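Single-structure report; data block below.
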Amino acid sequence: MEKMKRIMSAVTGLLMACTALTGMNSVSAENADQHAMGCLPVNQADLDELKSEVMAENPGSSQTEINADNLADMVDLSQNRFFPGIGYQTGNSCTAWATTYYQFTYAARQAYYHKYGDYSTAVYSPAYTYNLINNNMDSGSSVSDAYRVLTHRGAFTTADFPADSDYQLLPGDTQKMREALNLRITDYNYTSIKADSSSGTDGVVTGNKDNDLDKLKALLRDGKLIVTSGYFRYTTKKIPGSGEYAAVENLKPRIVTEDNAVGHAFTIVGYDDNIEYDINGNGTIEECEKGAFKIANSWGNQAREHNNGFIWVMYDAINKESCCDHVEGSLVTENGSFDRAGAFSDNTFNYITVGYKDVKLTAQIDLITTDFNSLSVRLSNEEMKKSSGYSVDAIKKVLVENYSVKGNRPFSGSIVLDVSSGLSFEKLEDRYFTGKIYDVFVGPFRAYRLNSPACTAIENISISDNCGNILAQDHVGEISDFCSNINDFANKEHTSSLYIDYKVGDVNFDHSFDSADVAMINEYLSGSREFSNLQKDMSMIDFNCDRVIDNNDVQELTEYIQARLDAAGKDSVVQSDTSVRPESFVMHDIDGDSDLDMQDAAVFQAAAGV
C-alpha cells in the first residue's frame, strides 16, 4: 500500500491543480450565533429503501408496532448513563452528530450493557460518518446516507477517528474497519406527526395529551433517542420560574435559496408535559400552551438561548399553524422575511436499534481512484440472494450513496465490508463456507451522472475472517503505471470470483486438517489463543465438551459413526442427491468427502495424535 500512497500523492496534486472543490456556505439559525447546520433533505422513498436494506442485512429484524400505553408525564434520556453529553459540531456535520455521536453512541452503549451487563464509555465519531458521505465538501449530508454507513460499515470511536478530524480525511485502518463491523444498526424505522391544519382538526397538536404525540413519547419511554431535522430558526422565550429557554415557533424563509434551504439535524432526548408558556400572552395557560420536547443540539453547552446545550420545543410549535388564538403566523426580522413552519419541519422522526453482529467473513478491496464518491461495491453469492430476497444479480453494499457531481475525490487505500451480512447461521452446514463462490464487483456508481470519468485501479480483492486471516485473494494487477496511463482506467468495471473451500477443523486455513489445527484448537479451548468467529465455528470438534481434544473425543466420534453405519447397514453413509451436506454430517465428516465412514475417525485420530 505504500506504493499506492506515493502514486496517489501525484494523482492528488494533478487533480487539485485542475479541479476546484466548492462547498456550500454555513447557514446560521435565526436565534443563534452563526452556528453551522448541514442537513440535506431526504424523501420518503429513500427512507423506505433504507428500511429494506436494513432488513436485508438483518434477517428477522422486527418492525414492531409502537405501544403507547401507560405514558409518563415526563422522560429525560439525557440523564441516562448511555447519553454521551453535549458536543460541538465542526463544519456542516450536524447530521452525523445527531445520528452517530448522539443516537448511535446511545444505542451502542445500550447494546453493550445488554450483552456484558456493564456500562461502556465509548463515543462514536461523527467525523467518521460525515467524511464518508459529504462528497469531499463541507456542505452537509442526509440522514439516510448516515444510516447506510452505520448499517453497512458501523462507526469508529472518537479515540480512533477524532470528532474534529478534517472533513476530507477518510478512514484507513483496515483492522479498525473490521472491528467497526461488529456493532451496527440492526433495525431502523421512522414515524411522523400530523401537524397540518389542512388535514382537519386531527392534524393539529392541541395540547400535552394529544394522541398525535404518543408515538414519540412511547419511543422515548422505551429508551429510543429520536433524530429529526428542520429549519431550526426558532423564536425562543424564557419559561417563567425555571429560566430555561423554550422554542415557541420555527421560521421558514419566504424566499428559499440554495444557501438557506439547508436544514439542521438534532436529537430529541425527552419530553415534559408540565412545561408551560403563555404563547399568546393573554395571561392564561391554555391546553395548547402545555408540554414540550427536549432536544439535544450540537452547538456546545454555551450556545446562546439554549439550556447548557439543550432546548425545549413547545408542542404547539410543532404545528404549521398555532392552535393558540391570536398568534401571528409570520414574522419579518432584520435578517429577512419568514413564515411559520413546524418546529420539526422535516416531520420525519428516525429511530434505530444497534446490535452486535456475528461477522464471519469480510471482503477487502485495495485500490486507487480519482473519485471515491463514484465507487460502487457489490457482493453476492446464491445464499445471500436467497436469504435477503434480492432478485438482482448482486447485493449492493453502499459506500457513498450521495455520489459527487461537483468534484472528484482522490483516494488511495482499502475498503472493508461484511461478506456474511444477511446470511442465516442457524444450521451447521451454513457455518463452514465449504465450496462457496463470492462475486465481488467494483465499478463506477451511476457513471452517466459524473462530470468526468472516474479512474480506478484495483490491486487486490480478498476475503478474510473478521480477524483479517486471508481465505481467498485475487491479485488484480499492478498499478504502478496508473499515473502515466490514467485514461486506461476510466469508468473501468471489475468482477472477481473468489472460491472458499475449507473443511471442519481447518482453523489455520491451509486446506487440510492435521495436528497443527488440533494444537491451535486446544490453545483456544484453554483460553490461551483468540479465534475469529469463523474459526470458532470450525473448531466445534470437542465432541464431549470437556474443553480439550484428546482420545475421549476420538472414541466418541468412532462410536457415533459406528452407530450410524449399523443403522444404515452399510460401510458408509453417502449424501449424493444434493450438493449440500445435511446437518448431521457437518461436524463428523472430518475428511470433507461427504461420506460418513471410519476414514473420518482415522483422520481425526491421526490429527489428534492419539
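Every value quoted in this text rests on a predicted model; they were computed, and no experiment measured them.
Between the side chain of Gln364 and the main chain of Ser462, no donor-acceptor pair closer than 3.5 Å is present. For the pair Asp418 (side chain) and Thr362 (backbone), a donor-acceptor distance under 3.5 Å is absent. Of the possible polar contacts, one joining the Thr95 side chain to the Ser141 backbone as a donor-acceptor pair under 3.5 Å is found. Under a 3.5 Å cut-off, the side chain of Asn131 and the backbone N or O of Asp166 do form a donor-acceptor pair. A side-chain donor-acceptor contact under 3.5 Å links Asn250 to the backbone of Gly342. Of the possible polar contacts, none joining the Asp346 side chain to the Gly230 backbone as a donor-acceptor pair under 3.5 Å is found. Between the Thr191 side chain and the Phe349 main chain, no donor and acceptor come within less than 3.5 Å of each other.
Each of Thr99, Ile133, Ile185 was scored for a side-chain contact (heavy atoms from CB on, under 4.5 Å) with Val149, with one residue passing: Ile133. When each of Arg148, Arg184, Met177 is paired with Arg153, the side-chain contact (heavy atoms from CB on, under 4.5 Å) condition holds for Met177 and for no other. None of Trp97, Phe232, Tyr231 except one satisfies the ring-ring contact (aromatic ring centres under 6.0 Å, His included) rule with His264; the exception is Phe232. Of the residues listed (Leu225, Leu47, Ile226), the one engaging Asn350 in a side-chain contact (heavy atoms from CB on, under 4.5 Å) is Leu47, and it is the only one.
Side-chain polar atoms of Thr348 and Ser192 form no donor-acceptor pair below 3.5 angstrom. Side-chain contact annotation: Ser144 with Ser142, donor-acceptor N/O pair under 3.5 Å present. Side chain to side chain, Tyr130 and Asp145 fail the donor-acceptor criterion of an N or O pair below 3.5 Å. For the residue pair Thr353 and Lys224, a side-chain donor N or O sits within less than 3.5 Å of a side-chain acceptor on the partner. Defined by atom type and a distance below 3.5 Å, a donor-acceptor pair is missing between the side-chain atoms of Glu57 and Tyr188. Between the side chains of Thr369 and Asp371, not a single donor N or O lies within less than 3.5 Å of an accepting N or O.
Minimum interatomic distance between Phe266 and Ala296 (heavy atoms only, all atoms of both residues): CB-O, 3.8 Å. Here the shortest heavy-atom pairing between Gly355 and Thr186 reads N-CG2, 3.6 Å.
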Point to revise | Criterion salt bridge (charged side-chain N to carboxylate O under 4.0 Å, His left out) on Asp465 and Lys536, from CA distance to verdict | key: CA-CA 11 Å; Asp465 62 16; Lys536 291 175 184 177; over 6 Å; no

Practice item. Please step through side chain to side chain donor-acceptor pair (under 3.5 Å) for the pair Asn297 and Tyr102, ending with a clear verdict. Key: CA-CA 10 Å; Asn297 202 2; Tyr102 288 125; over 6 Å; no

Practice item. Check step by step if ring pair (Phe, Tyr, Trp, His ring centres under 6.0 Å) holds for Phe441 and His494. Key: CA-CA 6 Å; Phe441 166 88; His494 177 81; 9.0 Å; no

Exercise for review: Would you sort out whether Lys360 and Asp537 count as a salt bridge (charged side-chain N to carboxylate O under 4.0 Å, His left out), showing the intermediate values?
Suggested key: CA-CA 9 Å; Lys360 306 291 185 181; Asp537 284 343; 2.5 Å; yes

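Ring pair Tyr128/Phe156 is parallel by interplanar angle, where below 30° counts as parallel and above 60° as perpendicular.
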